[in-house]
Amino acid sequence: MLSFNKFFEEEKLHQSPVFKILKDISEGSMIINEILLNGNPEHLKSEGTKNIQSEDVQKLDVIANNVFLDFFLKNKEINGVLSEENENIIQGHKTGDFSIAMDPLDGSSNISVNIPVGSIFSIHKKDNINTVTCEADFLKQGIKQECAAYVLYGTATILIIAINNQVNGFTLNLKEKKYYLTYPNIKTPEWGNIFSINEGNIKTIDPEIIQYVECCKKLNKDGKRTHTGRFIGSLVADFHRNMMKGGIFIYPKTADKPNGQLRLIYECNPIALIAQFSGSKSSDGNELILEKTPKNIHERTAFIVGSKNMVTKLLSFYKK
Ligand code: AHG
Ligand code: MN
Ligand code: MN
């Protein structure tokens, strides 16, 4: 089995600045993984504050943010960092060519009940030569991402990376403290039978999505179900399952969240790039996610992502 380093050596990417950033992500994730496995009940509590998006901040949100920021701010390739947990962009190295946006801990409302959580990263190359980081470095279409990655702290800890039109998955070997390539060149089935949506919102969402969900609930000629419903509430875990098995994840605009719940730059865009490179598709209902131009750094969006034919079928309801 190829180690993480060996894989990038073989891909001739091990000298690249992006590899240095991916190294930081892998090392940061090992620290988070250790903290999660230590099971210190103090870490599982709420911080007692709200973030810029008025959501409860958990202690682990703060810890994960600090762990990754520590790595990124020491990395000379990184010019600026945008995080879910910080209102403003953080200045990195003046000579850095890359901007990184992150959700340091995704699914944090699941921490206290021992359900998988994740970390999500979006990497852009700067197109200006300004040494000072600015919003324009982040308000870019997702299709322009250089690379995207997530870590899923689940039954095992895995690191999924989208680069050069491919998605590869690495599993953390705890004894050796090393990632190994365990899921080479991931491809999502074009059809799947999983649909993932928070049904609590169903009465407040676009009728086109209600229609699609109704289709998923139709029985076959033998009176048996055609689909199965799965929704964990950690985007990384929900997406990962669907990417591997085939399925669709839907988080629409709701009465509670009129612009959608998920953040475009550091949740949807990186997941959308991973989806694209694994052969699946994403949209907000009107526009492809990767073609959206963000207007502000913490912008939210409706998010539909998954098996190509399932997403196409859902979108066909919008056109009728
Ligand atoms: P975060 O913990 O980073 O704020 O993200 C939570 C997100 C996402 O992981 C999940 O899919 C969604 O919020 C769940 O929202 P609901 O509880 O409204 O279903
Ligand atoms: Mn999140
Ligand atoms: Mn988060």
Side-chain angles (χ1 to χ4, degrees), residues 120 122 140-145 148 150 162 165 167 186-220 225-233 235-295 299-320:
I120 315 176
S122 162
K140 289 159 72 170
Q141 287 176 314
I143 195 68
K144 296 190 175 145
Q145 288 167 105
Y150 64 73
N165 270 309
V167 179
I186 297 170
K187 292 290 170 208
T188 299
E190 292 190 353
W191 283 106
N193 69 349
I194 304 170
F195 70 103
S196 309
I197 185 164
N198 182 340
E199 287 246 6
N201 293 318
I202 203 89
K203 301 258 189 230
T204 77
I205 64 178
D206 284 355
E208 292 84 354
I209 294 177
I210 302 179
Q211 259 177 295
Y212 178 77
V213 171
E214 280 308 313
C215 277
C216 294
K217 292 179 178 174
K218 279 193 184 142
L219 303 179
N220 67 16
R225 76 180 188 202
T226 54
H227 290 74
T228 185
R230 292 280 184 273
F231 189 81
I232 299 175
L235 169 66
V236 170
D238 278 310
F239 171 77
H240 184 74
R241 179 201 52 241
N242 295 359
M243 174 176 76
M244 301 305 284
K245 294 188 166 182
I248 187 166
F249 174 94
I250 308 165
Y251 207 115
K253 293 177 180 167
T254 68
D256 277 15
K257 297 279 165 64
N259 299 318
Q261 148 84 350
L262 298 168
R263 278 53 60 108
L264 175 58
I265 297 180
Y266 43 81
E267 291 184 310
C268 303
N269 271 342
I271 296 285
L273 193 79
I274 293 167
Q276 165 122 333
F277 288 0
S278 66
S280 49
K281 190 171 168 181
S282 65
S283 166
D284 66 1
N286 292 308
E287 223 180 333
L288 296 177
I289 290 293
L290 292 174
E291 288 179 1
K292 280 171 79 100
T293 304
K295 289 181 193 62
E299 181 170 323
R300 294 177 193 260
T301 178
F303 192 37
I304 300 162
V305 63
S307 289
K308 212 190 223 159
N309 295 340
M310 297 176 88
V311 173
T312 304
K313 182 171 176 182
L314 191 162
L315 294 179
S316 71
F317 289 110
Y318 278 90
K319 288 174 197 137
K320 278 177 189 160

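What's counted below: heavy atoms across the whole structure, side chains too, no hydrogens, waters or symmetry copies. FYI, the numbering just counts along the sequence from 1.
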A.B. asks: Take atom NZ in Lys257; do more than 12 heavy atoms of anything else shown fall under 6.0 Å from it?
C.D. replies: yes
A.B. asks: From Thr312 OG1 over to Trp191 CH2, what is the distance, rounded to the nearest 0.5 angstrom?
C.D. replies: 8.0 Å
A.B. asks: What distance do Arg241 atom CZ and Phe249 atom CZ have between them, rounded to the nearest 0.5 Å?
C.D. replies: 9.0 Å
A.B. asks: Roughly how far apart are Ile250 CD1 and Ile209 CD1, rounded to 0.5 Å?
C.D. replies: 6.0 Å
A.B. asks: With distance as the sole test, does Arg230 use its side chain to make a donor-acceptor pair with the main-chain N or O of Ser196 at under 3.5 Å?
C.D. replies: no
A.B. asks: Indicate the ring-plane relationship of Tyr251 and Phe231, choosing parallel, tilted or perpendicular according to the 30° and 60° boundaries.
C.D. replies: tilted
A.B. asks: Would a 4.5 Å heavy-atom cut-off, applied to side chains only, mark Tyr318 and Asp206 as touching?
C.D. replies: yes
A.B. asks: Do Lys281 and Leu315 come within less than 4.5 Å of each other through their side chains, counting heavy atoms only?
C.D. replies: yes
A.B. asks: Begin from the C-alpha positions of Gln276 and Ile143 and carry the test side chain to side chain contact (heavy atoms under 4.5 Å, CB included) through to its verdict.
C.D. replies: CA-CA 9 Å; Gln276 165 122 333; Ile143 195 68; 3.7 Å; yes
A.B. asks: If you measure from CG on Leu262 to CD1 on Ile271, what distance do you get to the nearest 0.5 Å?
C.D. replies: 9.0 Å
A.B. asks: Would you say Lys308 has more than 12 foreign heavy atoms packed within less than 6.0 Å of its NZ?
C.D. replies: no
A.B. asks: To the nearest 0.5 Å, what is the distance between OH on Tyr150 and CG on Leu235?
C.D. replies: 9.0 Å
A.B. asks: Working to the nearest 0.5 angstrom, can you tell me the gap between Lys319 NZ and Glu208 CD?
C.D. replies: 11.5 Å
A.B. asks: Check the pair Asn242, Ile248 against side chain to side chain contact (heavy atoms under 4.5 Å, CB included), reporting the backbone distance first and the verdict last.
C.D. replies: CA-CA 6 Å; Asn242 295 359; Ile248 187 166; 5.5 Å; no
